[in-house]
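All chains are named by letter (A, B, ...) in the order of the sequence lines, taking the proteins before the strands, and each is independently numbered beginning at 1.
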Amino acid sequence: MALSGIEIFKLLPKTNCKKCGHPTCLAFAMKLAQRQASLEACPDVSEEAKKILGEASAPPVRPVTFGTGDKAVKLGEETVLFRHDKKFVNPCAFAIEVKDTLSDDEVSNLCGQVVNSEIDRVGQKLRIDAIMITNASGDAGRLEAAAKVVAAKAPGVPVIIYTENPQAAEAAIRLFADKRPILYGADASNAEAMAAIAKNNKAILGVVANGLNELSDLTEKVKGLGVEDMVIDSGARKAKDIIANNTLIRRAATKKNFKPLGYPIINFMQRPDSLYETLLAGIGVTKYASIVVMSSIEKWKNLALFTLRQNIYTDPQVPMQVEQKIYNIGEPKPESPFMITTNFSLTYFIVSGEIENSKVPCRLAVMDCEGLSVLTAWAAGKFTATKIAQFITDSGIEKEMANKELILPGYVAILSGSIEDKLPGWKVTVGPREANALPAFLKTRN
Amino acid sequence: MAFTPTRETYSGKVYPVTVGTGDSAITFGGENVLPFNSFEGSTPNRPLVAFEIQDVPPSDWPENVQKPFAGVSDDPVKWAKYCQDELKAKAIALRLIGTHPDRENRSPEDAVKTVKDVLAAIHIPLIILGSNHAEKDSSVLIAAAEAAKDRNCIIGKAQEANYKTIAAAAMANNHKLIAMSELDINLSKQLNILITQMGFDKERVITDPMCSALGYGLEYTYSVMERIRLAALTQNDVTMQQPMLGDVGMYVWKIKETTASEADLPQWGASEERGIAWEAETATALLVAGAELLIMRHPRAVEAVEKIIEELI
Ligand code: SF4
């Protein structure tokens, strides 16, 4: 649990020497408790105090970097249970399982799917993040062979090696020794051997136990063996148990600072039905998983899951905004309608969606109003006649248009006269108040 | 180190709401924990999924979600019976979209006939929705509520602009009521208060904080739902303890991801699977955020969501 100022004060030298830049040790302790100062500022603090304070101030879910280079994925570092409290930090990674019972061709085909999974959505590049190679054959040679194919066909993609057999693990993990792979499959029976392999190969250790009590014991044991970077699996496979255990883990870590469960969570979501697997993976995304493992990665499925992850991990404090510019919807001609709205992303999505539904090509001017919706932006003085007129003039759009007509959202009908005053030669038409009336409105004009 | 789970006990709970009559009546809501956290409290009822149908043929629906209803969707009675008998729907949501002035502009009398015919043909609970035209809905829903008297339906949606007439109609004819406001916890609370101040029983209201589709503001609906539910449970706020609605199908089946063809956007994959996944994923996220009532369209999306509910409960 985070320490209070008084608790921290008890650990300081109590000499009030001011070398930290604060008048007293107590004042410094208070700043530390609020995370507004760093312990290094005090030159005289004891080693023991450093250790206690260091542990107490570490993020409740340990940060772990999985993989290396530009495809590396950051895991953990979460601080809250609900996204409205504070932005969720490191988006859940998606991994596909590749079994070593597949032929080399099949393995290489799946690698190709991963490499080509990247798509762009509202300015972000999204992709399947990792490959898990499972020792389904039980044969160490097969695992190593499959791992070789993956290393060659999906270079740079972070890898999870899944086996409970330390010999098989050693041969396969070596191929990724400097790539920060995950070695998954450490349990109470093989922890020593697996921890040693992880250590030698700088791997993250994936530990699995039956329930949270055993899991806590296991992470403590592994930590005692010198491996600090772990991802944890409570053994839950059923949707209900996944929600229960993930919730209890996140709660223990963030509310009680319970270190043995303060690691990123890995969930196994493989199901025969791909649609169903999509929904289960979605539950992982919303409920605290740092890695979800799936058995297939069809394009439609990736798009749905990437989008969900993006939605859940956006910053709730910053309204989503789109870029200020004039968007073409369809292929507008000089006489096509020209409309204006604000740059609140939800407003933009809804308005542009309804215009698309109408099948009437249009130009849509999206004006920067700091991400506010039309009515709010108007009330806040950001969507005014002067600013609208300025934006239209600066855009130079009139050169592309046959008739200088601007369609205004119905909610700000009141602005139409003053915009006409400020834009000589333009006609301002009041459109519908709600976006869902746009298709009918546009069709009647055609 | 021994692990002692932190269990939360909440002071509040969600009102259970029962719809329909006789053997087909169904109750949803009633839990005293966050969604599917039954490890620390009780979740006595499963969320209810209703199949959406409408009073006019679904020519405005994308092809992929029209197809499953080909041959029945030209007639709301056939459509409703198909959902009940063949798709094993647990409830039907009849949207009177044809009454919208920009659409077929059907009259309240037309709506009454449709409601009566559908009710005569089915025994499962019915949700009766207007066209979301505040003015027209007032007259349409008053007539529809009366036509459905004592069948314990859900009437909606009452909004700030028209809640008085719609709530009065629901009250006079013994129905439940959907109260919708736009993505704001305070607006939602305020509307519930206004409705209960009319003498409407707060335990007969279903809150609709407004749905958004995956990729189109889902996170707003998700977080408003989470916040409403936390207020209900942790603060025991009696004005926020209504079960919540996710009106999923209507918001999902109009966006690009559910309408664009694979030929146009090959990187997005098979369009039919994409649309179904979009609806089911939106619905699942809202269940996790706190929705107890879902209105959906595609039979395969409903099937998958029912299956995940089974595994979550
Ligand atoms: S430098 Fe250390 S010992 Fe000196 S006042 Fe600051 S906290 Fe106290």
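Using a 4.5 Å cut-off between heavy atoms, Ile255(B) does not touch chain A at all. Using a 4.5 Å cut-off between heavy atoms, Glu262(B) makes no contact with chain A at all. Of the two parts of Asp60(B), neither the backbone nor the side chain holds a non-hydrogen atom closer than 4.5 Å to a non-hydrogen atom of chain A. For Arg433(A), no part lies under 4.5 angstrom from a heavy atom of chain B. In this structure, the portion of Trp278(B) lying under 4.5 Å from any heavy atom of chain A is its side chain and not its backbone. Residue Glu182(B) touches chain A through its side chain alone, counting heavy-atom pairs closer than 4.5 Å. With a 4.5 Å cut-off on non-hydrogen atoms, Asp273(A) touches chain B through its side chain but not through its backbone. Interface residue Leu261(A): only side-chain heavy atoms are found under 4.5 Å from chain B. Both the backbone and the side chain of Ala239(A) come within contact range of chain B, each with at least one heavy atom under 4.5 Å from a heavy atom of that chain. With a 4.5 angstrom heavy-atom cutoff, Thr278(A) touches chain B via backbone and side-chain atoms both. Heavy atoms closer than 4.5 Å to chain A are found in both the backbone and the side chain of Ser223(B). Residue Leu287(B) does not touch chain A at all, counting heavy-atom pairs closer than 4.5 Å. Neither the backbone nor the side chain of Thr259(B) comes within contact range of chain A, judged by heavy atoms closer than 4.5 Å. For Phe36(B), the parts sitting under 4.5 Å from any heavy atom of chain A are the backbone and the side chain alike. Contacts between Arg7(B) and chain A at a heavy-atom distance below 4.5 Å involve backbone atoms as well as side-chain atoms. Proximity to chain A involves both the backbone and the side chain of Tyr216(B), based on heavy atoms less than 4.5 angstrom apart.
Within 6.0 Å of atom CD in Glu135(B), 12 or fewer heavy atoms from other residues, nucleotides or ligands are found, so the atom counts as exposed in its surroundings. Under a cut-off of 6.0 angstrom, the local environment of NZ in Lys86(A) is sparse, with at most 12 non-hydrogen atoms contributed by other residues, nucleotides or ligands. Within a 6.0 Å sphere centred on CD of Glu118(A), heavy atoms belonging to other residues, nucleotides or ligands number more than 12.
Donor-acceptor pairing under 3.5 Å is recorded for the side chains of Tyr276(A) and Glu311(B).
Using a distance-only test at 3.5 Å, with no hydrogens or angles considered, a donor-acceptor pair links the side chain of Glu279(B) to the main chain of Arg297(B). A donor-acceptor contact shorter than 3.5 Å links the side chain of Ser117(A) to the backbone of Ile128(A).
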- [ ] Determine, step by step, whether Arg274(B) and Glu281(B) satisfy the salt bridge (charged side-chain N to carboxylate O under 4.0 Å, His left out) criterion, reporting the C-alpha distance in whole Å, the side-chain angles of both residues, the deciding distance to 0.1 Å, and the verdict.
- [x] CA-CA 10 Å; Arg274(B) 194 196 319 133; Glu281(B) 190 71 280; over 6 Å; no
Task: Derivation of the side-chain hydrogen bond (donor to acceptor under 3.5 Å, both in side chains) call for Asp137(B) and Asn132(B) - done: CA-CA 7 Å; Asp137(B) 276 3; Asn132(B) 209 19; over 6 Å; no
Task: Steps toward side-chain hydrogen bond (donor to acceptor under 3.5 Å, both in side chains) verdict (Ser274(A), Glu298(A)) - done: CA-CA 8 Å; Ser274(A) 185; Glu298(A) 297 86 341; 3.1 Å; yes
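Each of Leu279(A), Thr307(A), Thr286(A) has some count of heavy-atom pairs under 4.5 Å with chain B, and the biggest count is that of Leu279(A). By number of non-hydrogen pairs under 4.5 angstrom with chain A, the leading residue of Val305(B), Ile276(B), Leu230(B) is Leu230(B). When each of Ala283(B), Ala280(B), Ala301(B) is checked for heavy-atom pairs under 4.5 Å with chain A, Ala280(B) comes out on top. Chain A forms more heavy-atom pairs under 4.5 Å with one residue of Val288(B), Asp102(B), Ile308(B), Thr284(B) than with any other, namely Ile308(B). Your options are Glu226(B), His100(B), Lys256(B), and the one with the most heavy-atom pairs under 4.5 Å with chain A is Glu226(B). Between chain A and the residues Gly217(B), Ala270(B), Ser271(B), Pro5(B), the most heavy-atom pairs under 4.5 angstrom are made by Ala270(B). Counting heavy-atom pairs closer than 4.5 Å to chain B, the top residue among Leu303(A), Leu308(A), Leu275(A), Leu346(A) is Leu303(A). Ranked by heavy-atom pairs under 4.5 Å with chain B, the first of Arg83(A), Glu214(A), Lys301(A) is Arg83(A). Options Glu257(B), Arg300(B), Glu40(B) differ in how many heavy-atom pairs under 4.5 Å they form with chain A, and the most are formed by Glu40(B). Residue with the most contacts toward chain B among Ile243(A), Ile242(A), Leu215(A), Asp85(A): Ile243(A) (heavy-atom pairs, distance under 4.5 Å). For chain B, the option among Arg251(A), Glu354(A), Lys221(A) with the highest count of heavy-atom pairs below 4.5 Å is Arg251(A).
Atoms NZ and CG, from Lys287(A) and Asn245(A) in turn, are 14.0 Å apart once rounded to the nearest 0.5 Å.
For the side-chain hydrogen bond (donor to acceptor under 3.5 Å, both in side chains) with Lys189(B), the qualifying choice from Asp184(B), Asp237(B), Thr207(B) is Asp237(B), the only one to do so.
Pairs passing the side chain to side chain donor-acceptor pair (under 3.5 Å) check and including a residue from residues 301-310 of chain B, sequence neighbours excluded, read Arg46(B)-Glu306(B), Arg46(B)-Glu310(B), Lys90(B)-Glu306(B).
Using a 30° and 60° split on the angle between ring planes, Phe3(B) and Phe258(A) fall in the tilted class, from 30° to 60°. Between Phe94(A) and Phe306(A), the ring planes are tilted. Angles from 30° to 60° get that label.
Between Arg95(B) and Asp247(B) there is a salt bridge, with a side-chain nitrogen of the basic residue lying less than 4.0 Å from a carboxylate oxygen of the acidic one.
Remark: Asp233(A) engages Tyr184(A), Arg237(A) in a side chain to side chain donor-acceptor pair (under 3.5 Å) (not counting sequence neighbours).
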